[in-house]
Undergrad: 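This is the structure I want to talk about, given as structure tokens.
For reference, positions follow the sequence shown, starting with 1.
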Amino acid sequence: MTSNIRLEKVTYTNYYDLIKLQVNEHQEDFVASNMFSLAEAYAVIASGGFALPFGIYLEDKPIVF
């Protein structure tokens, strides 16, 4: 059995779907929110650094950022 899992760069057309993804409540203390992580990646890029955020998709649905 194969599944259609792929990485996709974060873009203007998919960032909101990735921001809406959430972890389970008991995991919230272990990771930053997706919105914070995307803002952090943008700040790094805007400051001349390198960040390459991706979403993980199953078929056409984002499942992980």
Undergrad: Can you see which heavy atom on Leu38 is nearest to which on Tyr15, and at what distance?
TA: CD1-O, 4.2 Å
Undergrad: Please enumerate all residues that pass salt bridge (Lys or Arg N to Asp or Glu O under 4.0 Å) together with Glu28, with sequence neighbours excluded.
TA: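 Glu28: no salt bridge (Lys or Arg N to Asp or Glu O under 4.0 Å) contacts found.
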Undergrad: In the hydrophobic clustering that connects Ile, Leu, Val, Met, Phe, Trp and Tyr at side-chain heavy-atom distances below 4.5 Å, which members other than Phe36 occupy its cluster, ordered by chain and number?
TA: none
Undergrad: Check side chain to side chain contact (heavy atoms under 4.5 Å, CB included) between Ala39 and all other residues, then give those that pass, not counting sequence neighbours.
TA: none
Undergrad: Tell me the salt bridge (charged side-chain N to carboxylate O under 4.0 Å, His left out) pairs involving residues 33-56, sequence neighbours left out?
TA: none
Undergrad: Same hydrophobic cluster for Tyr12 and Met35, using side-chain heavy-atom links shorter than 4.5 Å among ILVMFWY?
TA: yes
Undergrad: Which side-chain N or O atoms in residues 41-61 pair as donor and acceptor under 3.5 Å with protein atoms at least two apart or in another chain?
TA:
| from | atom 1 | to | atom 2 | distance (Å) |
| --- | --- | --- | --- | --- |
| Ser47 | OG | Ala43 | O | 2.9 |
| Tyr57 | OH | Asn14 | ND2 | 3.3 |

Undergrad: Identify every side-chain donor-acceptor pair in residues 16-26 under 3.5 Å, counting partners at least two apart or on other chains, and give the distances.
TA:
none

